Protein chains: 2
Amino acid sequence: MRQASVRAHNLALVLRQVAAADRPPSRADVAASTGLTRATVSALVDDLVGGGLLAEVGPAPRSGAGRPATGLVLHGYGPAGLGLEINVDYLAGCVVDLTGTVRHRAVLHGDQRPLAPDAVLAAVADLGARLRAEARAAGRTVAGAALAVPGLVSGTGLVHRAPNLAWHEVDAAGVLATGPLGDLPLTIDNEANLAALAELHAGGPDSFVYVSGEIGIGAGIVLHRDLFRGARGWSGELGHVCVRPDGPLCRCGALGCLEQYAGQEALLRDLPPGEAGLARLRDDAALAEGRLPAAGRSLGVALAGVVNMLDVGTVVLGGIFGPLTPWLAPAVEAELARRVLTAAWAPMTVRASALGPAAAAVGAAGAVVRDILAEPAEWVLR
Amino acid sequence: MRQASVRAHNLALVLRQVAAADRPPSRADVAASTGLTRATVSALVDDLVGGGLLAEVGPAPRSGAGRPATGLVLHGYGPAGLGLEINVDYLAGCVVDLTGTVRHRAVLHGDQRPLAPDAVLAAVADLGARLRAEARAAGRTVAGAALAVPGLVSGTGLVHRAPNLAWHEVDAAGVLATGPLGDLPLTIDNEANLAALAELHAGGPDSFVYVSGEIGIGAGIVLHRDLFRGARGWSGELGHVCVRPDGPLCRCGALGCLEQYAGQEALLRDLPPGEAGLARLRDDAALAEGRLPAAGRSLGVALAGVVNMLDVGTVVLGGIFGPLTPWLAPAVEAELARRVLTAAWAPMTVRASALGPAAAAVGAAGAVVRDILAEPAEWVLR
DNA sequence: GTCAAATAATTCAACCGCTAAACAAATTAA
DNA sequence: TTAATTTGTTTAGCGGTTGAATTATTTGAC
């Protein structure tokens, strides 16, 4: 470790303090809260302002004597993040600035399953390029992009499997590198992981499991404000946790997977598929009361196992589960209360996601800017 | 972050390099492998030798020209760690030096369930004090202690529950602070967690789930050579993961917990309890073949859920499961292969623990010395 | 209206830790 | 015996933080 890493660390520390403050802090405030001296903080802030990550704002009216402070805020026109999402029945994208505010967004509805992977990737790249142009026109520079995919992704941007898109070993990063976004640094991640990050940044608790109900069921796990990826990066396959060892055969080849009890197809059996069926379920109380509690119990059984192993105190229901939470949550909570060993003294919370549709796109864009905020040295000392 | 943390970081870095090397490295070797200069390494090594963490050994015979190097090794007579274990039918303890070698050990067999918690704690403290005296007589100073308990422990040393000991909110740290070990820094942890650490230090893979079969079933999760504790520190309750939602009633109040299918009581139904019954199971092939595969399948169902969520590639069977692995592993492997979504391209390994009995005591002692090695600055710059 | 007190931010000498290069020490090979 | 080689130490210099002094700007009291 060199001294330069001290600088890098402290740049990130100062930036974090400014981002976390509820009102624009002064250099002196930051010095007090970090333990660094005001001299050091001043030098660090100079670098961050020079690098376009922080901006100074007029002094907040303050009581008492003394020279008024100059407030520090994240720069609204600094580098921005582009988030993209490919899902079964829509494409989505958005641009987020350093403060986490969504500045531009777009959604393209339409079933992606009939299209070849390359065509879908070209369409989402086109969507991203349009949003990037919008951002540039508004004075913001997109510094990187992240893509959410409903499947298993390796760190190199290879989509091993996206079962519900019928994708198999698709080199998404390679395809996008040749398109209009080819010049941007790009990461590709699982849709549930990025939606969980969106939930975190939208004010979620420090640790939770985000359950993403789309065609399949995925989970994004956040522990201590950090995305948990497991040993090899393929964590969170909640939909294929076993609920009954001798249950119905799942598409994955196993018996009694959760997806067979609480997946979209199971919930909408004998109903029209997609949004139409979900609307029926939301609006017809008797119908919802008839089938959702059973799905909730299965969800609860699977989640209880997860919580017994991971010890996470909050479950967030997202995707199609979000609007159905009133019917699902009581059953989930009941199973958790009965089956989680620590439930007696560490109670569990089940709630609906705070996010609307295309949560993963927002999470993806947020992940880009969070990466810049976490390692400002690379951006500032370029 | 201050400059002193650079020093602390580099002290640990040098120490890690020496510990990881397969033969005593020279200062120049360490400089080459860390990227630090020889001058810096020399200064750091001087501190570490002065602090009693490193020792110089005679030069290894080497071919080629040049001044012979002085080899560096972890100091065999530096600070040592005391590990203690309370289990249902024995107490155990050991002293481990910085190199990880077990120098002294002791086991006291006997059912602890009839005794009050204070009596058990007094007995284990007594055992620890004897081992500490032995270590001192041999020229080693015990620098800290760790205690393994088969239950849920909070960071402050409070044992919330140890169901198989019938303990409930026992302030183990408080009791031990008044005994003969009261002057030692003490940590208390779950038995499966510490056994998993022992497995890791004994050469286990970087990421694995250690399944601890004792009276109950616990799990210690190691990810990237680090113990995974979950959100609040109570991870790994594998025994209460649900295998069948409508299965038999468990002691915990839930239905169909794994412990009902693969716990010691289930395995030894109609057999003598304890070691006698286990010996029967090991020696009577027909008996083992008759009931262990079914237990293995249940274990496999529960572990498949864990692996789908955590994405861990190796399962290590420990405790009573260790010697029974030949009968259990095939069933576990079959369920994992069928139920783990990534099994097709990321194959799973199931193996027996490399450790004998009282693994948790060894892991506890190892954890103490690993803590010293991980933060040598606190020890050296005292 | 002036001055003292208070708070914010900058400047500067000192210190700490690492680097690079020169140097000293100890061995092998010619 | 000497040159080559490698190890380890010494020394000057540099980056980064600290702490104290200094400058800047406001409020409040007389």
Side-chain angles (χ1 to χ4, degrees), chain A residues 1-14 17-18 21 23-50 54-73 376-377 380-381, chain B residues 1-15 17-18 21 23-51 54-73 376-377 380-381:
Chain A
M1 182 186 256
R2 317 181 150 13
Q3 275 133 316
S5 33
V6 174
R7 198 100 231 269
H9 183 102
N10 285 341
L11 282 169
L13 180 62
V14 167
Q17 291 292 332
V18 174
R23 84 189 86 191
S26 66
R27 290 163 171 78
D29 291 336
V30 174
S33 61
T34 58
L36 300 168
T37 62
R38 282 173 306 175
T40 304
V41 170
S42 270
L44 293 165
V45 166
D46 285 350
D47 276 4
L48 292 169
V49 170
L54 284 185
E56 297 185 325
V57 294
R62 192 179 38 73
S63 65
R67 168 178 171 179
T70 40
L72 299 170
V73 291
V380 167
L381 319 168
Chain B
M1 181 186 258
R2 317 185 150 9
Q3 275 131 322
S5 31
V6 174
R7 199 99 229 272
H9 182 102
N10 286 340
L11 282 169
L13 179 62
V14 167
L15 208 44
Q17 290 292 332
V18 174
R23 84 190 86 190
S26 66
R27 290 162 171 80
D29 292 336
V30 174
S33 61
T34 58
L36 299 169
T37 62
R38 282 173 306 174
T40 305
V41 171
S42 270
L44 292 165
V45 165
D46 285 351
D47 276 4
L48 292 169
V49 170
L54 284 185
E56 298 185 327
V57 295
R62 191 179 40 73
S63 64
R67 172 177 167 178
T70 39
L72 298 170
V73 291
V380 167
L381 319 168

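Each chain gets a letter, A, B and so on, in the order its sequence line appears, and its residues count up from 1. Just so we're clear, the structure is a prediction, and the values are computed from it rather than from any experiment.
For T37(B), no side-chain nitrogen or oxygen approaches OP1 or OP2 of dC18(C) to under 4.0 Å. OP1 or OP2 of dG17(C) has not a single side-chain nitrogen or oxygen of N10(B) nearer than 4.0 Å. Taking 4.0 angstrom as the limit, T70(A) places none of its side-chain polar atoms (N or O) nearer than this to OP1 or OP2 of dA8(C). Between S42(A) and dT10(C) there is a side-chain N or O to OP1 or OP2 distance below 4.0 Å.
The closest side-chain heavy-atom distance from R27(B) to V14(B) is not below 4.5 Å. A heavy-atom distance below 4.5 Å is not found between the side chains of V30(B) and V45(B). In this structure, the side chains of L13(A) and L36(A) come closer than 4.5 Å at one or more pairs of heavy atoms.
Between the CG atom in D47(A) and the OG atom in S42(A) there is a gap of 11.5 Å [rounded to 0.5 Å]. Taking OG of S5(B) as the reference point, atom CG of L11(B) lies at 11.5 Å (rounded to 0.5 Å). Here the straight-line distance linking atom CG of L54(B) with atom CG of L15(B) works out to 5.5 Å at 0.5 Å rounding.
Residues T34(A) and Q17(A) bring no donor and acceptor atom of their side chains to less than 3.5 Å of each other.
Residue L44(B) has its side chain nearest to dC18(C) when only dA4(D), dT25(D), dC18(C) are considered.
When heavy atoms are screened at a 4.0 angstrom cut-off, A39(A) is found touching base atoms of the nucleic acid.
Taking only distance into account, the side chain of R67(B) meets the base of dT7(D) through a donor-acceptor pair shorter than 3.5 Å.
In this structure, Q3(B) atom CD and dT19(C) atom P are separated by 13 Å, rounded to whole Å. The CZ atom of R7(A) sits 18 Å away from the P atom of dG17(C) (whole-angstrom rounding). Atom P of nucleotide dG15(D) and atom CG of L11(A) are separated by 16 Å, given to the nearest angstrom. Atom CG of L36(B) and atom P of dG8(D) are 15 Å apart (whole Å). Computed from coordinates, the H9(B) NE2 to dC16(C) C1' distance equals 17 Å when rounded to whole Å. Atom CG of D47(A) is separated from atom C1' of dG15(D) by 13 Å (rounded to the nearest Å).
Taking for each of R38(B) and A43(B) the nucleotide of DNA chain C with the nearest heavy atom, the 5'-most of the two is the partner of A43(B).
The stretch residues 25-33 of chain B comes close to DNA chain D through S26(B), R27(B), A28(B), each having a heavy atom under 4.0 Å from the strand.
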